[in-house]
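Quick notes on the structure that follows.
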Amino acid sequence: MTLLYTEVEEELRAAVRGLLADRCPPAAVLKRAESDPYDLGVWKTLAGEIGAAGLLIPEEHGGAGASASEVAVVLEELGRGVAPVPFFTSSVLATRALIQAGAGDLLERLADGSATAALVVSFAASPYQPLRGGSVRVVDGGERLSGTVTGVAGADVADLLLVPVDGGLYAVQGAGVRVAASLDLTRPVATVTLDGAAATRLGDVDLAQVLLFGAGLLASEQYGVAQWCLDTTVAYVKERHQFARPVGSFQAIKHRLADLWLDVVRAKAAARNAAAEDSDVSAAVAQAWNAGVAVRVAEEALQLHGGIGMTWEHPLHLYLKRAKASEIALGTPGDHREALASLADVPGPEGGQQ
């Protein structure tokens, strides 16, 4: 296994980065963040022309049959741009669930980006407690679902809602979707109400495994957030002058940035390993480290950008909010550290297992 990028991955990165730089730079994301955050025009190009929507989908269902490593590269770039597109919710979480359920016809709809899907699970749910954030039950002999789930990411723009219940995956129609307040302005969440919504069982699904797979790939997005914050801060302290010299020339600033650089490099390695290995341990390691690093680098970036005026006018606060929201998404760092201790057979405080 190698953590280096292949030529194909670098070409994919260049295509995604070029699209975002041209159509969805951070300044444009900031401009629309409080009104209509999703840029579905950019999503159409990313999904259809670049082919990102079908990366995980097998070729027999119209997808690229790519690996998680290619998906991770896209997520790195979307993290760098806090891009308001439903890639993670539709092309990672929902797609993984559909692949498990064997729903080939629906995968074909997602493969070219003509439709998007959302997994009706709280974005704050943990792989180790997958039903956190709501409960749903099957009624009328399996033909309808009833219940409410809060904090569902991507539901407000999804063409297809997928609901996991009792080990099965259901496609529903007639569900109520209400956008709720969210710290992350670039990834809205919603409350989904299933008041006897018509449902079709698609197959079996292991929800905990789907969420853990998503958590491992979310680390790549967190790495992208941290890398943008670091790069932007380094560029700023080179230009910002105080006492007739660049702020970045002060030794204390150099030390702080050097520490952040080491954190980000480690985050990159953890994210790449989680994508390449796709194991419980690698996903837990990546989230236990990357979630905190993204927040720490974004906080330091905000502080080191002192003197630019109103921070609301700078896109940096979008990165901090994405980092903070992602820190509690799909398991907190503490959840993953506790799971990692158990997986590694680390003794607990009483001499037993964690």
Side-chain angles (χ1 to χ4, degrees), residues 46-47 51-76 78 85-113 115-133 149 152-155 157-172 187 201-222 271 274-284 286-287 326 329-331 336:
L46 178 69
L55 285 175
L56 282 178
I57 297 174
E59 293 182 11
E60 60 265 30
H61 298 306
S67 71
S69 294
E70 284 82 14
V71 175
V73 169
V74 175
L75 285 168
E76 288 177 18
L78 296 181
V85 295
F87 178 79
F88 184 75
T89 52
S90 180
S91 303
V92 178
L93 291 179
T95 294
R96 181 73 166 194
L98 286 172
I99 290 173
Q100 279 197 5
D105 55 333
L106 296 182
L107 286 171
E108 291 175 6
R109 291 180 58 193
L110 300 187
D112 62 359
T116 60
L119 190 63
V120 182
V121 177
S122 172
F123 205 48
S126 162
Y128 320 109
Q129 292 180 301
L131 297 182
R132 180 189 298 169
V149 183
V152 180
V157 291
D159 302 295
L160 176 66
L161 294 179
L162 305 172
V163 185
V165 186
D166 299 334
L169 186 67
Y170 293 79
V172 299
R187 180 181 279 149
R201 195 180 194 280
L202 304 175
D204 296 333
V205 66
D206 183 345
L207 180 57
Q209 194 283 327
V210 171
L211 296 182
L212 192 60
F213 176 77
L217 283 175
L218 184 62
S220 292
E221 182 185 280
Q222 291 162 332
E277 192 173 283
D278 188 17
S279 71
D280 294 357
V281 170
S282 63
Q287 271 305 310
S326 296
L330 306 183
H336 292 286

Rounded to the nearest 0.5 Å, what's the gap from [atom1] on [X] to [atom2] on [Y]? Could you check?
X      : Y      : atom1 : atom2 : answer
Leu93  : Phe213 : CG    : CZ    : 9.0 Å
Ser91  : Leu55  : OG    : CG    : 7.5 Å
Ile57  : Arg96  : CD1   : CZ    : 13.0 Å
Leu110 : His61  : CG    : NE2   : 11.5 Å
Phe123 : Arg187 : CZ    : CZ    : 4.0 Å
Leu207 : Leu119 : CG    : CG    : 6.0 Å

Check: [Y] main-chain N/O paired with [X] side-chain donor or acceptor under 3.5 Å:
X      : Y      : answer
Ser126 : Leu330 : no
Thr95  : Ser90  : yes
Gln287 : His336 : no
Thr116 : Val157 : yes

Any heavy-atom pair between the side chains of [Y] and [X] that's under 4.5 Å?
X      : Y      : value
Leu162 : Val205 : no
Tyr128 : Leu211 : no
Gln100 : Leu169 : no
Phe87  : Val74  : yes

Does the pair Leu78 and Leu46 meet the rule for a side-chain contact (heavy atoms from CB on, under 4.5 Å), with working shown? CA-CA 11 Å; Leu78 296 181; Leu46 178 69; 4.2 Å; yes
Check [X] against [Y] and note the closest heavy-atom contact, atom names and distance.
X      : Y      : result
Pro127 : Ala208 : O-CB, 3.3 Å
Ala171 : Leu160 : CB-CD1, 3.9 Å
Arg201 : Gly167 : NH2-O, 4.0 Å
Glu277 : Ser282 : OE2-CB, 3.6 Å
Leu98  : Leu202 : CD2-CD1, 3.7 Å
Ala72  : Ala275 : CB-CB, 3.7 Å

Partner set under side chain to side chain donor-acceptor pair (under 3.5 Å) for Glu70, not counting sequence neighbours: Ser67
Other residues, nucleotides, ligands: >12 heavy atoms within 6.0 Å of Asp105 CG: yes
With sequence neighbours left out, write down each residue that passes side chain to side chain contact (heavy atoms under 4.5 Å, CB included) with Ala286, or none if nothing qualifies. Ala219, Ala270, Ala274
